[in-house]
Amino acid sequence: MVLNQLEELTSRAFDELGKVTNLEELEAWRIRYLGRKSSLIQILRLLATLPLEDRRVAGARANEVKKTFEARLAEKKTSLELAATLSLQRESLDVTLPGERVLLGRLHPTTQILDEICHIFQDMGFQVVEGPEVEWEYYNFEALNMPADHPARDMFATLWIDFETEAGDRPMLLRTHTSPVQIRVMEKSPPPIRIIAPGRVYRYEATDATHEWMFYQVEGLAVDRNITLADLKGTLFEFARRLFGKERKCRFRCDYFPFVEPGVEVAIDCFVCGGAGCRLCGNSGWIEIIGAGMVHPEVLRRVDIDPEVYSGFAFGMGVERIPILRYGIDDIRLFYSNDVRFLRQF
Ligand code: PHE
């Protein structure tokens, strides 16, 4: 009878001990199974009333049970304490460890120079506008006085967009220069116009140290009454002085672009060698970064601006050339290959 009770008690106690997960629960368990009011202690007290033979057997067993309980209690206590210290260690913070380095982002060298260029022209009263990089053939060529069979299209190795457009016969391309923005602006707004248009342009080109298939240009356009080549020269000369320094000189020479007449190529005396000739300017002392000219009357007529009343100048410049010369970068491909070791230097 007593032996049965002991067996039952033991299995219940072990069962519950298995579910104990912290020291508080363990203490409750101890009170329940080894405390003064516990069944086990009561059984031990009861033994005195049993006949001698039963008392010996049951007493021995009860004492065994008590010893096991105590042993299991100690065991469980040790393991719970160990777990508690481990989790404390895991959660603790070593304030003497060095902090994690926060890496600061920075502006791309192209973005930096674009900001500079835009600010200079904004100060002169030009507004910054943008146009699409995926462009109709019409804006990139046709409206700029380059019909389908025009040989000048060869100057622009073109990436064509190969899909059936809704219009069917209206081919699209990746713009090869920012000049289409001129047309988009003149179509929408009557003179006076003073805008610059920064952005990406694309050429179907094998890349090497001096060629990329994508690069940036900044387009400029001014249309008003009485705009002359002198305005173009004054504006670009002032721009060169503000970007490259007061002592800069400009050289204007004849050049050809179908959408301007006359067309000019603008060079700045090399700001690296001051015009004496060095590796960067190819020993010529001059750096050519701008194509420009007076907007062709045919281009004006197409956007319904009367060339008898209005005239305008336009220019387009390559952007990467400037940081390339300024910092002596020897490979244009470094700009857009996203190597932070390169980009971090600017
Ligand atoms: N769009 C020309 C180019 O990419 C540059 C240019 C712009 C020339 C405006 C004249 C006027 O080469």
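Every number for a ligand or one of its atoms is a count from 1 in the order of the listing.
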Asker: If you look at each N/O of ligand 1, which protein N/O atoms lie under 3.5 Å away, and at what distance?
Answerer:
| unit_1 | atom_1 | unit_2 | atom_2 | d |
| --- | --- | --- | --- | --- |
| ligand 1 | 1 (N) | His177 | ND1 | 2.9 |
| ligand 1 | 1 (N) | Ser179 | OG | 2.9 |
| ligand 1 | 4 (O) | Gln217 | NE2 | 3.0 |

Asker: Check whether more than 12 heavy atoms from other residues, nucleotides or ligands sit under 6.0 Å from atom NZ of Lys76, and answer yes or no.
Answerer: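 Correct, the count exceeds 12.
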
Asker: Parallel, tilted or perpendicular: which describes the rings of His150 and Tyr256, with under 30° parallel and over 60° perpendicular?
Answerer: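 Answer is parallel, since the angle falls under 30°.
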
Asker: Side chains of Leu34 and Lys66, heavy atoms from C-beta outward: is any pair under 4.5 Å?
Answerer: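 In contact.
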
Asker: Hey, does Trp286 have a side-chain heavy atom less than 4.5 Å from the side chain of Cys281?
Answerer: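 Not touching, per the 4.5 Å side-chain cut-off.
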
Asker: Which of parallel (below 30°), tilted (30 to 60°) and perpendicular (above 60°) describes His177 and Phe156?
Answerer: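 Correct class here is tilted.
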
Asker: Look at the rings of Phe346 and Tyr327 and say which category their plane angle falls in: under 30° parallel, 30 to 60° tilted, over 60° perpendicular.
Answerer: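 Ring orientation, 0 to 90° scale: tilted.
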
